[in-house]
Undergrad: 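This is the structure I want to talk about, given as structure tokens.
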Amino acid sequence: MWRNASPERVAEIRDALTRLASDGVIHDVHSVRVRDTEAGEIVNFHCYAEPTLSVIAVHEHVDDIERRLRRAYPTVKRVISHAEPPNAD
């Protein structure tokens with residue numbers, strides 16, 4: 001069973017993701033969702049990636065953000081990211 005985290009917690013995680021993505025390669029973190037489960041929190045987010053990067057490079061940068069978020073917030077047990085090119089809208 002899960003439930004959505006409070007708006008304050010979502011804002012806290014969104015701010016942390018934005019800080020972790022401050023190198024500019026990954027940017028505009030949006031559509032952040034945080035769900036509380038018995039095992040811990042699950043975080044989903046979307047972001048934009050520089051269009052000149054390879055798919056492998058984008059995944060390496062996003063994977064690093066995910067790892068650093070889990071280290072900074074031990075209650076976060078899983079992070080699911082969706083990187084998009086800037087013109088994906």
Side-chain angles (χ1 to χ4, degrees):
M1 187 60 112
W2 61 268
R3 65 179 175 85
N4 288 321
S6 70
E8 295 81 13
R9 182 61 171 174
V10 174
E12 179 182 5
I13 296 294
R14 181 178 43 250
D15 291 347
L17 286 166
T18 299
R19 281 192 308 277
L20 293 170
S22 64
D23 66 0
V25 174
I26 303 297
H27 52 89
D28 191 20
V29 172
H30 59 281
S31 301
V32 177
R33 291 183 306 178
V34 181
R35 294 191 171 129
D36 290 319
T37 72
E38 291 177 8
E41 292 172 305
I42 299 173
V43 174
N44 287 272
F45 73 96
H46 291 229
C47 59
Y48 292 118
E50 286 300 311
T52 57
L53 292 176
S54 69
V55 171
I56 291 171
V58 169
H59 282 277
E60 288 171 349
H61 283 279
V62 171
D63 289 348
D64 181 59
I65 291 168
E66 293 175 6
R67 278 190 299 275
R68 290 188 294 148
L69 182 72
R70 286 193 311 273
R71 276 196 301 268
Y73 294 89
T75 57
V76 173
K77 300 304 179 190
R78 185 166 185 213
V79 183
I80 304 162
S81 57
H82 305 279
E84 307 163 342
N87 59 353
D89 291 339

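No experiment lies behind these values; they were computed from the predicted model shown.
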Undergrad: Does anything in residues 4-31 pair up under salt bridge (Lys or Arg N to Asp or Glu O under 4.0 Å), and if so which pairs, sequence neighbours excluded?
TA: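 Of all non-adjacent pairs touching residues 4-31, those that pass salt bridge (Lys or Arg N to Asp or Glu O under 4.0 Å) are Arg9-Glu12, Arg9-Glu41.
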Undergrad: To the nearest 0.5 Å, what is the distance between CD1 on Ile26 and CG on Leu53?
TA: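 Ile26 CD1 to Leu53 CG: 7.0 Å, rounded to 0.5 Å.
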Undergrad: Would you say Tyr48 ends up clustered with Leu20 if hydrophobic residues are merged whenever their side chains have heavy atoms under 4.5 Å apart, either directly or through other cluster members?
TA: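 Each belongs to a different hydrophobic cluster.
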Undergrad: Mind checking the SG-NE2 spacing from Cys47 to His61? Nearest 0.5 Å is all I need.
TA: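 With rounding to 0.5 Å, SG (Cys47) is 11.5 Å from NE2 (His61).
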Undergrad: With sequence neighbours excluded, tell me which residues meet ring pair (Phe, Tyr, Trp, His ring centres under 6.0 Å) with His46.
TA: His30, His82
Undergrad: Return the minimal non-hydrogen interatomic distance between Ala5 and Asp36, and the atom names on each side.
TA: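 Of all heavy-atom pairs spanning Ala5 and Asp36, the closest is CA-OD2, 3.7 Å.
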Undergrad: From Ile42 CD1 over to Arg35 CZ, what is the distance, rounded to the nearest 0.5 angstrom?
TA: 8.0 Å
Undergrad: So how far is it from Ile13 CD1 to Leu69 CG, rounded to the nearest 0.5 Å?
TA: 5.0 Å
Undergrad: Please tell me if the side chains of Ser81 and Ile65 come closer than 4.5 Å, counting only heavy atoms from C-beta onward.
TA: no
Undergrad: Taking all atoms of both residues into account, what is the closest heavy-atom pair of Lys77 and Arg70, and its distance?
TA: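 Closest approach of Lys77 to Arg70, heavy atoms only: O-CD, 3.9 Å.
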